[in-house]
Structures are given as structure tokens and as C-alpha cells.
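These notes concern the structure reproduced below.
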Amino acid sequence: MEFEAVIGLEVHVQLNTDSKIFCSCSTAFGNPPNTNVCPICLGMPGTLPVLNVKAVEYAVKAALALNCRINDISVFARKNYFYPDLPKGYQISQYDKPLATNGYVLIETKGGQKRIRIKRVHVEEDAGKNVHGEGNDPYSYVDLNRAGVPLIEIVTEPDISTPEEARVFLTKLRTIMRYLGVSNADMEKGELRCDANVSIRPKGSNELGVKTEIKNINSFKFVAKALEYEIERQILVIKAGGRIEQETRLWNASLGITETMRKKEMEHDYRYFPDPDLMPLVLKPEMIEKWKKELPELPDKRKARFMEDYGLSSYDSEVLTSEKAIADFFESALKFYNNPTAIANWVTVELMSRLNREGIEIVDAPIEAWQLAKIVKLVEENVITGRVGKELLDIVWKEGGDPEEIVKKRDMIQISDASSLEVVVDEVIKECPAEVEKYLSGKTKVIGYLVGQVMKKTRGRANPQFVTELLEKKLSELKR
Ligand code: ADP
Ligand code: ZN
Ligand code: MG
């Protein structure tokens, strides 16, 4: 029997407000343990939480960008459980009246665009962090700097069908959060955390199988890996005549497997009830409208506009709009040289490969939009060859400067007059008798080598197409 997977994700996104959600403590990352704390986030008796409006604004903007319906009344609830990193003995979250419901995210899959429905978005506080002593240190510690940092939890419907789709969905979510500026959503820093629910069923079936939940997936790379492993494991269990137990499993990155953590707790174990310390969150329609107006152009729309206005391919538009900063860079380069196809090409190929190579983001790149625009213009206007353009990009990358001046100073201008090129072509023909012989005997591919020799002699300043034509002409004259 063939099986298919059913996947639903529960994603926590850390909102990047300056202060925590129910007190004025800083949310700064990396401070000494237990320095960003106060009686409220330490859970002292007698303290009262006060809601941070900025956190609500960010949560509403995120939910709007996920096409959700914002509920005009939502209710904070206590989720009770006992764990050392939770000083109050409960987490303030939202339960049966969440901030927002019924949204969706569009993702690109092999089979085209797919809609992943969002079940709900709710607001909650983060817990602290347990730190276990290493080596001979027998103690465990708790750092409460993170306790009370605002989070949203985004829950999808089980609409995801493959591990790859799950990865694409999370990437899209990160893109949207970054466009909004509500979170950096960096998985490696814990700003985006994902629990993955997965079950299998006979291919084509409409029923849902028993699911397991995988926790501790802490990088984009592992999302697909953990799911692939778990799907395979479930298939083996079923094929061996067993059945899947509903449980929570932990992803073990060093072994590349999922392991039983606990049999799934039931919702009633948490004894949810409305938090009597907090009023229901009432959002006036004017407030929601105002925040809606403040939303930036989101990736789907921007992509459509790039295709429409600039005539770019779906693929290029997708790549360019995958990061807001890349899309911004592209559009500011256009202001200096309005040639969308050429600029898009240089950004997606030359610029992005350099960013990947150095592992940096575009805002930290040592090149500005006007510099790239000038380089592309020099190439497009045949002042320099494409190959010299790449070299020029490397020079600007390393040393900065005005590309036009560098070209003049370093004598990089394309050799365009035929007579001086002819001299070089003749030289190469004379110096490479074996290759010329090969060419004349019908192995015409060897011309690539000869062109390469001309390029070398001219330090890349010759137009390769022109050189090829010239070589072909000269060689055919030799034949006769
Ligand atoms: P629970 O009550 O166990 O928390 P929910 O209905 O709240 O389950 O769903 C939690 C997550 O699990 C959601 O993302 C949902 O899409 C996903 N999910 C629910 N049922 C299944 C299933 N049978 N297989 C895979 N994912 C599922
Ligand atoms: Zn505090
Ligand atoms: Mg649930």
C-alpha cells in the first residue's frame, strides 16, 4: 500500500518589541542571566501584569498579513503546568478566544501555488530557559531573561503534504515576518520555533491518521529531515502490523532520529481558565484599520508587481522578493539604471552568490545599489565585457569606489575596434597549431579554447561573441 503524509505546524514567533509583554523589562538578547527581570516576570505574588500595546500591534499585523480574521474580543488564559523555567506555575496564553482565526498563506510548490490554511494566531508569553551544568557541574540553572518575552503562536490546518512543503511554508512565514518587521524569525536564534504534527494515511484517503508531534526542531535544515524520518518510521510501524500512538517526540539532531518524549498530555491537564488579572483584549475596528493601513507591501503582492511592472519571470521575482532588503536593493538600483532584466540578473546571480559565499545579508554587503547599477550599465552599454564586469564587481566589493572611475584608471574598457582584435586572433591561431588542426578536421568545439586564449591575452576585455565570429571567419579562410 502506498502512504501519504499529513502535516500541521505550530509555530512560535518571537515579537521584537523592546520590552516584555506584561512588564517593562528589556527583551535584549545575550545579557547576563537573570538581569532582565523584575517581580512581575519573576512571578512574585502580588504583582499584576500590564499588557504591552506594541506586542498587540505586532501580533495583529502578523495575523493580518496571514489573512486572518481579527477577533474584536480575545481573552488571555492561564495554561497551568509545573516546570522550573515557568516561575508563576502558569503561562499566560490565549485559549478558546484567540486573537485571530481563519487565515492562509500561499506557498510555491512543484505542483503550483498551494494554500495552507491558518487555524489560529494567539498571543502568549515566553518561558525562561533551563541551563544544565556541564562537565563536573552537577547543578541545573534557570535564566529568566526570556520569561515574559512576547510570542505569537501560529497554528496551521493539516494542509501540508510533504516535508519540503513544510520547509517552504516556514521560509515563507519568515519572509512575511521580516517584511512586517515584527520579528527577525531566525530559527537558529530561537526567534522562530516549530512543532511539527504528522500522521500518515493510505494515499487518497480522506481520513486523518493518529498523529505524533515533533519538538525541538531548531533549524530550517532539520525541519524536512525530522519529518522525513518520522514519516518513514510511521510507515514501518504500520507495515509491521503495529499502530501509531499519539505522543510527543523529540528530534535528536546528532542521531538524525525522533525519540519518544512523553505520551501526549491532554488539554485538560493544563486546566486552562481565563486570567483574572487581565481584562479581555478588546480591539476597536478603527485600531485594526489603522494597523492594516500601516502594513508594507507584502511578498506575494510585490512579486506580482515585479512580474507585471518589470516583466520579470516568476522565478526571478520570487527570488528577488524573498527578502525585503533584496527587493529594496533591486528597486533602488533601478533608480540609477532602469534596466530591470539586467539588474535582476546581476542581483540574483552575481550579488546573491557573493552574499551566500560570505554568509552575510545584503544590508551588510560592502556594495550599494548605485555601484551595482553603474557596473551593469557599463556592461550593457558595451563599455566593458561581462567578464570584466564581474571582476569590477569584485574590486568594488573589496575596495569600494566609483565603478566608472575604476574602469578608466585600470584600463578595463572593452576592445571594440576590429583591427587590434584581429592582431590578437592571428597571434592565437599561430600559437595553437594543434587546436587549429582539430578545428579544421571538424572538431569545431575546440573553438571555445581558442576564444579563451584571446580573452586571456586581452585580460577579458574582448567581446567573446565578436572574438568567436572573428575566429570562425579566419579559420574558414584557412580551410580554403
Ligand atoms: P491537539 O488537540 O493535539 O493540540 P490540534 O487539533 O490543536 O491538536 O492541532 C494541532 C496541530 O496538529 C495543528 O497544526 C493541526 O493542523 C495538526 N494536526 C491535527 N490533526 C492532525 C493529524 N491527524 N495529522 C497531522 N497533523 C494534525
Ligand atoms: Zn519583568
Ligand atoms: Mg491544540
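Read the numbers this way: they start at 1 and go in the same order the structure lists the ligands and their atoms.
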Determine whether I7 and E165 make a side-chain contact, defined as any pair of heavy atoms from C-beta on separated by less than 4.5 Å.
no
Polar contacts were defined as any N/O atom of the residue lying under 3.5 Å from an N/O atom of the ligand; does this apply to V155 and ligand 1?
no
Closest to atom 24 (N) of ligand 1 (heavy atoms only, candidates S199, A196, G209) is S199
Just by distance, no angles: are the side chains of T260 and R249 close enough, under 3.5 Å, to form a donor-acceptor pair?
yes
Which atoms of ligand 1 are found less than 4.0 Å from any heavy atom of G8?
14 (O), 16 (O), 17 (C), 26 (N)
Aromatic ring pairing F222/W251, orientation class (parallel under 30°, perpendicular over 60°, tilted between):
tilted
Does the ring of F220 carry R174 above it, NZ/CZ under 6.0 angstrom from centre and within 45° of its axis?
yes
So if I apply the side-chain hydrogen bond (donor to acceptor under 3.5 Å, both in side chains) rule between D126 and each of R193, Q91, Q14, which one comes out positive?
R193
For D300, the option from K172, R305, Q113 that meets side-chain hydrogen bond (donor to acceptor under 3.5 Å, both in side chains)
K172
Just the protein N/O/S atoms under 2.8 Å from the Zn ion (ligand 2), please, no waters.
C23 SG, C25 SG, C38 SG, C41 SG
Looking only at N/O atoms, are E10 and ligand 1 under 3.5 Å apart anywhere?
no
Dump the intermediate steps for ring-ring contact (aromatic ring centres under 6.0 Å, His included) on F306 and F330, then the final yes or no.
CA-CA 10 Å; F306 278 20; F330 168 74; 5.2 Å; yes
So if I count the atoms of ligand 1 from 1 in the order they appear, which ones are less than 4.0 Å from some heavy atom of K119?
5 (P), 6 (O), 7 (O), 9 (O)
Pairing residues for S353 by the side-chain hydrogen bond (donor to acceptor under 3.5 Å, both in side chains) criterion, not counting sequence neighbours:
none
If the cut-off is 4.0 Å to any non-hydrogen atom of E157, which atoms of ligand 1 fall inside it?
16 (O)
Run the numbers for me: atoms of ligand 1, each under 4.0 Å from some heavy atom of V6, listed by number.
24 (N), 25 (C)
For N67, the side-chain hydrogen bond (donor to acceptor under 3.5 Å, both in side chains) test, sequence neighbours excluded, returns none
Indicate the ring-plane relationship of F76 and F22, choosing parallel, tilted or perpendicular according to the 30° and 60° boundaries.
perpendicular
For atom 17 (C) of ligand 1, which of V198, N197, I200 has the closest heavy atom?
N197
Got a list of side-chain donor-acceptor pairs under 3.5 Å for residues 278-294, not counting sequence neighbours?
unit_1	atom_1	unit_2	atom_2	d
K290	NZ	E294	OE2	3.0
E294	OE1	K61	NZ	2.8

Counting from 1, what ligand 1 atoms have a heavy atom of L9 closer than 4.0 Å?
14 (O)
Can you name the atoms of ligand 1, numbered from 1 with element, that are less than 4.0 Å from a heavy atom of P158?
16 (O), 26 (N), 27 (C)
